[in-house]
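Worksheet: one structure, shown below.
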2 protein chains.
Amino acid sequence: MAVSTEEAAGAARKSADPALCPYRLVLEHVTSRWGVLVLIELLDRPHRFSELRRAIGRTSGRQVSEKMLTQTLQTLERDGLVHRDAKPVIPPRVDYSLTGLGREAAEQVRTLARWTEHRMADVEQARQAYDEARAAHSARA
Amino acid sequence: MAVSTEEAAGAARKSADPALCPYRLVLEHVTSRWGVLVLIELLDRPHRFSELRRAIGRTSGRQVSEKMLTQTLQTLERDGLVHRDAKPVIPPRVDYSLTGLGREAAEQVRTLARWTEHRMADVEQARQAYDEARAAHSARA
DNA sequence: CGGCATCCGATAGGATACTG
DNA sequence: CAGTATCCTATCGGATGCCG
C-alpha cells in the first residue's frame, strides 16, 4: 500500500480530536469498550493474542473481533500501557503484558469494574423503579 | 446477527446488547464519553442542564450536544447514579445531582481521570518512542 | 429552559479473505 | 498464530426544528 511517512504517522493518531484535551484521549483509550477488558485481563497474567481474545470472550460474554483487539492493543501499546513481545518464530508468537504505567491504570479500572459488579443489585433496582415510573407516566395519557 | 426476537416488551430501552454481562453495560455507561465528564462535573456540585453543558465544554474543550447530554443523563438516571429534580415552573428548571451510588462511581472515575492527567508526560513520551520506532522500521525498505 | 423527534455524516466495530 | 486489508452495517453523535 506504499504510504508516505507523514500518512503513516497520522494514521496512528487517527482518532485525535484536536479540540479535546490530551488527557481525555488517554482516558478514552483506557475506558474504551475493549481497552477496559484488555487491561483487566492482562492484570492477571500476560496473554498471547488469541488467548486474550478467548479470555475476553469468556469474561465479557462476547468475542472481540481480531480487528478491534489489534487496534485496542496498538493504541494501548502506543500510550505505553501495554508491552508487546513478538518472538520471531514460525508460527508467530506474540505475548502482551502490562507496563508499570499500564498496571497502575489497570488496577483502577479493575476496581471500578468490581465496584460495578458489586453494585449491580442496586442498579437493577433503580432501573426497575425508573421503568415503572415511566410506564405509569405514559399510562396517564 | 445478534439481532433476533425482542424489543416487543416495549420497555426495552436503548441498545442493550443481550450477550454482554449486565455489569459490563453499567461500566460502559459510567465510562462513556460524556458519562465520565458528567459524573466528574456533578461531583463538584449539582448543575442545571445548560449549566452542565457549559461546564463540560469548558473542562473538556468540547461542547456536548443537547441530545447526547440528555441521553447520557437519562442513562445515568436510570442506572440510579444521577438524580433528576424537575421543578414545574415556567421557564422550566431542572437540577441534576449525584445519588449515593453515583457519588461512589464518580469518585473512582475522577481518580482515574486525575491519574491520567498526572501521567500524561509518561504517555506522551511513550508515544514519541513508539512513533519513532515505527518510522525507523518503515524506513528500512 | 429543557427537552424530544428527525435527519444525516462520521466512525466504531464485525465478517471475511488473505499473508508471513 | 498473529496479524493486515477490505467491505459493510450499526451505532454514535451533531444540527436542526418543534414543543411544554
Side-chain angles (χ1 to χ4, degrees), chain A residues 1-3 7-8 11-20 25 28-29 31-38 46-54 56-57 60 62-75 77 82 84-96 134 137-138 140-141, chain B residues 1-4 7 13-20 25 28-29 31-38 46-54 56-57 60 62-75 77 82 84-96 134 137-138:
Chain A
M1 51 176 281
V3 284
E7 277 172 334
R13 307 177 182 79
K14 54 184 134 184
S15 62
D17 198 324
L20 242 51
L25 275 178
E28 299 265 316
H29 299 165
T31 63
S32 72
R33 175 171 189 135
W34 302 116
V36 169
L37 298 173
V38 165
H47 282 70
R48 298 181 58 178
F49 186 86
S50 300
E51 200 181 11
L52 195 50
R53 224 185 136 207
R54 283 188 297 270
I56 287 174
S60 85
R62 181 168 210 106
Q63 180 93 315
V64 54
S65 65
E66 297 173 7
K67 178 187 163 186
M68 288 317 298
L69 183 54
T70 299
Q71 197 175 98
T72 303
L73 284 169
Q74 284 175 354
T75 302
E77 188 196 356
V82 162
R84 180 176 184 274
D85 182 23
K87 273 126 185 166
V89 298
I90 303 277
R93 173 177 182 116
V94 183
D95 287 271
Y96 290 94
R134 282 225 140 193
H137 179 274
S138 48
R140 281 199 286 92
Chain B
M1 48 188 263
V3 180
S4 48
E7 306 295 343
R13 294 195 39 77
K14 293 204 54 181
S15 53
D17 198 324
L20 243 51
L25 275 179
E28 299 266 318
H29 299 165
T31 63
S32 70
R33 178 177 187 125
W34 302 117
V36 170
L37 297 174
V38 164
H47 282 70
R48 299 181 58 177
F49 186 85
S50 302
E51 200 182 11
L52 194 50
R53 228 187 131 205
R54 283 188 297 269
I56 287 174
S60 85
R62 182 168 210 104
Q63 182 92 317
V64 211
S65 66
E66 296 172 7
K67 177 188 166 187
M68 288 317 298
L69 184 54
T70 299
Q71 195 175 99
T72 302
L73 284 169
Q74 284 176 353
T75 303
E77 187 195 357
V82 161
R84 181 175 183 276
D85 182 23
K87 273 128 185 164
V89 298
I90 303 277
R93 172 177 182 118
V94 183
D95 286 270
Y96 291 94
R134 283 224 137 191
H137 180 273
S138 47

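First the proteins, then the strands, lettered A, B, ... as listed; each starts at 1.
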Atom CE of B:M68 to atom P of C:dC4: distance rounded to whole Å? 13 Å

Return the value, rounded to whole Å, for the distance between atom CG of B:L73 and atom P of C:dC1. 17 Å

Roughly, in whole Å, what's the span from CG in B:L69 to P in C:dC4? 11 Å

What's the CZ-P distance between B:R62 and D:dC12, to the nearest Å? 17 Å

Is A:R93 near enough to D:dA2 that one of its side-chain N or O atoms lies under 4.0 angstrom from OP1 or OP2? no

Atom NZ of A:K67 and atom P of C:dG13: how far apart are they, to the nearest Å? 9 Å

B:I56 CD1 to D:dG13 P, in whole Å, measures 13 Å

Hey, which of these two, A:W34 or A:E66, hits DNA chain C nearer its 5' end, going by closest nucleotide? A:W34

Sorted by position of nearest nucleotide on DNA chain C, 5' first, the leading residue of B:V94 and A:P92 is B:V94

Distance, rounded to the nearest Å, where B:E77 contributes CD and C:dG3 contributes C1': 13 Å

Tell me whether the side-chain N/O atoms of A:R48 come closer than 4.0 Å to OP1 or OP2 in D:dA2. yes

For a quick test of reading the model: is some side-chain N or O of B:Y96 closer than 4.0 Å to OP1 or OP2 of C:dG3? yes

Once you apply a heavy-atom cut-off of 4.0 Å, does B:R53 come out as touching a base, just sugar-phosphate, or nothing? nothing

Can a side chain N or O of B:S65 be found less than 4.0 Å away from OP1 or OP2 on D:dA15? no

Name the nucleic acid region contacted by A:E51, choosing base, sugar-phosphate or nothing; use a 4.0 angstrom heavy-atom cut-off, strictly under. nothing

Atom-to-atom span, CZ of A:R33 to C1' of D:dA10 - whole angstrom: 11 Å

Any side-chain N or O of A:Q71 under 4.0 Å from OP1/OP2 of D:dT4? no

